[in-house]
Amino acid sequence: MAAKDVFHNNVKSALQKDGWQITHDPLYLNFGGVEMYIDLGAQKLIGAERCGEKIAVEIKSFLGNSTISEFHTAIGQFINYRVALKATEAERILYLAVPLETYNTFFTLRFTQMVLAENQIKLLVFNPNEEVISKWEK
C-alpha cells in the first residue's frame with residue numbers, strides 16, 4: 001500500500017465538512033490480477049440532491065519539482081483506477097483531488113484543460129489550509 005499523500009487528512013476533513021461519510025480509507029480494489037488502493041471512498045448521506053452518491057477520491061499534492069511529471073502520474077493512476085472501478089463498483093464516481101493553488105496555476109492552462117476533457121477527468125479542488133472543498137468539476 002502506498003504512503004498517504006501530504007494532504008490526505010485535509011481532503012478527508014473537507015469531505016466530511018461537505019456531508020460525506022468516509023467509507024474506505026483507503027479504498028482497496030483487486031481486479032484483473034492487480035491490487036490498487038484509491039486514497040478515499042465516500043458516500044453522501046445528507047442532502048436530497050446527492051443522497052446515496054458514492055465517490056472515490058485520489059489525492060495528489062503537486063508539491064514536487066515537476067508539476068507536469070506529477071500530472072502524468074496522476075492521469076495514469078486515474079485512468080487505471082477508473083477502469084477497475086467500472087468493473088468492480090460501477091456506481092462509484094472517481095475524482096482527482098488537487099489543491100486550490102495548483103488548480104489555479106496549472107489546471108487552468110489550456111493544455112491541462114484539454115487533457116482533462118479528453119480523458120473525462122473529474123476534479124475535486126480543495127483548500128488545504130481551510131480544509132474545505134472549493135470546487136467540483138464533473
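Here the side chain of S61 pairs no donor or acceptor atom with the backbone of F7 at under 3.5 angstrom. Not one N or O on the side chain of N119 forms a donor-acceptor pair closer than 3.5 Å with the backbone of I121. Between the N127 side chain and the S134 main chain, no donor and acceptor come within less than 3.5 Å of each other. Between the side chain of E70 and the backbone N or O of G64 there is at least one donor-acceptor pair closer than 3.5 Å. A donor-acceptor pair is defined here as one N or O able to donate and one able to accept, closer than 3.5 Å; no such pair exists between the side chain of S13 and the backbone of N9. A distance-only check finds a donor-acceptor pair linking the side chain of T112 to the backbone of F106 [under 3.5 Å].
Side-chain contact between I68 and F111: present, with at least one pair of heavy atoms (C-beta onward) separated by less than 4.5 Å. The shortest distance between side-chain heavy atoms of D18 and K44 falls below 4.5 Å. A 4.5 Å side-chain heavy-atom check between I22 and Q16 finds at least one atom pair inside the cut-off.
Among the candidates R82, K86, E89, the single residue satisfying the side chain to side chain contact (heavy atoms under 4.5 Å, CB included) test with L94 is R82. None of F107, F126, F71 except one satisfies the ring pair (Phe, Tyr, Trp, His ring centres under 6.0 Å) rule with F62; the exception is F107.
Salt-bridge check for K12 with D39: failed, with every basic side-chain N at 4.0 Å or more from each acidic carboxylate O.
Using cut-offs of 30° and 60° on the angle between ring planes, the pair W136 and W20 is tilted.
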side-chain contact (heavy atoms from CB on, under 4.5 Å) between I38 and L85, worked out = CA-CA 10 Å; I38 302 174; L85 275 176; 3.8 Å; yes
